2 protein chains.
Amino acid sequence: MRGVDGLELSAKRAEYLKYIFNQGDVVRTTDISTHFSVAPSTVTKTLEDLARSGFVEHSPYHGVRISRRGREYARFLIRRHRLLALMLSRHGLSPDAACREARSFEWYVNKSVVDSICASLGHPVMSVCGPIEHDTCCCCPADR
Amino acid sequence: MRGVDGLELSAKRAEYLKYIFNQGDVVRTTDISTHFSVAPSTVTKTLEDLARSGFVEHSPYHGVRISRRGREYARFLIRRHRLLALMLSRHGLSPDAACREARSFEWYVNKSVVDSICASLGHPVMSVCGPIEHDTCCCCPADR
DNA sequence: GCTAATGTTTGGTATAGACCTAAATTATGC
DNA sequence: GCATAATTTAGGTCTATACCAAACATTAGC
């Protein structure tokens, strides 16, 4: 995660990656196109891009599998989302609203900002929409 | 400001509007193109758009002047920026970093979220990069 | 009050991202 | 091993942003 600023992927691509990560194993084009309600061909193109950037391994006609890099990045995306949602909930939003609203702008928030927020919240382990892992956080030796 | 969610303008357009608002009177195409380092024709096109949406009054060859609607909206943009910057500074960012980082994602943050943050910070009157006005805040009778 | 310099707009082009349909290709289930 | 289902390819649309060159309008100098 060194040299990562969290803005490498557009919102849409990041959502695809998150979805692929959450599915675990091999994900089929149709799964993604159904989930996001877009045409399969749209998915194929985006997948090719994600593969070109090394976030997934795409074997045509057989689906995609997340790469090591993609896995790390997806974990960061999830950690960012949950930290921002938690922050919003500390600023008066209901858990649901916090989670929903975080989705709208999280894609534009730097890793360094996320790390600051994480520290200011005392490296919390639980957010309003799930646990927060700290293996991609600046405070963890593994990341240094 | 009723019916406004803060996402009406793209980041670029909102920046143009903010600049025009800050300049006060009539602003010339060249001023804007110099400020943002883009070609004058790019500015003209964007200005036409802003005029079409009612944020500015554009009299060709004579510059633009902000409209009533634009003025209100610009005030909201500034209030949003300063509240988010203040929030970031409360989460460990230096004043400079808070202001800079807020710029990168503020464009995607809803008015309702801004209002919540405003309330949670106790409707502050000063941020890290300038005063915060509350005439566009949900807490003010003028807005109801 | 005309001309030259300056400022602005018009029209055309480009890129990136996201999306689509239709046609072609590959895989899979009997 | 063939029909059907899944997937990719080809070719296109649309929006936002940006650029340039050429045409045009305005202003300033004389």
Side-chain angles (χ1 to χ4, degrees), chain A residues 5-20 23-66 70 73 77 103-109, chain B residues 5-20 23-66 70 73 77 103-109:
Chain A
D5 69 4
L7 313 177
E8 289 74 5
L9 294 179
S10 70
K12 265 280 125 70
R13 280 164 204 211
E15 303 228 42
Y16 279 29
L17 188 67
K18 233 160 137 175
Y19 177 77
I20 294 165
Q23 293 305 102
D25 204 47
V26 169
V27 186
R28 331 243 22 214
T29 299
T30 315
D31 296 341
I32 303 174
S33 84
T34 304
H35 184 77
F36 291 101
S37 304
V38 297
S41 59
T42 302
V43 174
T44 301
K45 270 198 178 120
T46 306
L47 254 29
E48 281 166 356
D49 264 15
L50 283 175
R52 244 195 306 280
S53 333
F55 291 101
V56 299
E57 282 140 28
H58 183 210
S59 58
Y61 296 102
H62 292 282
V64 275
R65 185 191 298 272
I66 201 157
Y73 200 78
L77 294 177
R103 270 183 215 293
S104 58
F105 69 85
E106 60 187 58
W107 322 100
Y108 309 99
V109 181
Chain B
D5 69 4
L7 312 177
E8 290 71 7
L9 294 180
S10 69
K12 263 281 127 68
R13 279 162 204 212
E15 302 229 43
Y16 278 30
L17 188 67
K18 231 160 138 174
Y19 177 78
I20 293 165
Q23 293 305 101
D25 204 48
V26 169
V27 187
R28 334 255 359 232
T29 300
T30 316
D31 296 341
I32 303 174
S33 83
T34 304
H35 184 76
F36 292 102
S37 304
V38 300
S41 57
T42 303
V43 174
T44 300
K45 274 186 180 135
T46 305
L47 255 28
E48 281 166 356
D49 264 16
L50 283 176
R52 243 196 306 281
S53 332
F55 291 102
V56 299
E57 282 140 29
H58 183 209
S59 58
Y61 294 102
H62 293 283
V64 275
R65 185 191 298 271
I66 201 156
Y73 201 78
L77 294 177
R103 270 181 215 294
S104 57
F105 69 86
E106 60 186 59
W107 322 101
Y108 309 99
V109 181

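Just so we're clear, the structure is a prediction, and the values are computed from it rather than from any experiment. Chain identifiers are assigned alphabetically (A, B, ...) following the order of the sequence lines, protein sequences preceding nucleic acid strands; residue numbering begins at 1 within each chain.
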Once you apply a heavy-atom cut-off of 4.0 Å, does B:F36 come out as touching a base, just sugar-phosphate, or nothing?
nothing

Can you give me the N/O atom pairs linking the protein to nucleotides 2-6 of chain C at distances under 3.5 Å, or say none if there are none?
none

Provide, to the nearest angstrom, the distance between the CD1 atom belonging to A:I32 and the C1' atom belonging to C:dA18.
15 Å

Just how far, in rounded Å, is C1' of D:dA18 from CD of B:E15?
15 Å

Please determine whether a side-chain nitrogen or oxygen atom of A:T42 lies at a distance below 4.0 Å from atom OP1 or OP2 of C:dC19.
no

Any N or O donor-acceptor pair under 3.5 Å from the base of C:dC19 to the side chain of A:S41?
no

Check DNA chain C against residues 45-63 of chain B and give the residues with a non-hydrogen atom under 4.0 Å, in numerical order.
B:K45, B:E48, B:H58, B:P60, B:Y61

Integer-rounded Å distance: C:dG17 P and A:L7 CG:
14 Å

When the distance from CH2 of B:W107 to P of D:dA16 is rounded to whole Å, what number comes out?
17 Å

Among all residues two or more places apart in sequence or in another chain, which pass the salt bridge (Lys or Arg N to Asp or Glu O under 4.0 Å) test with A:E15?
none

Are A:Y19 and A:F36 close enough that their ring centers fall under 6.0 Å?
yes

Would you say B:R13 places a side-chain N or O within less than 4.0 Å of OP1 or OP2 belonging to D:dT17?
yes

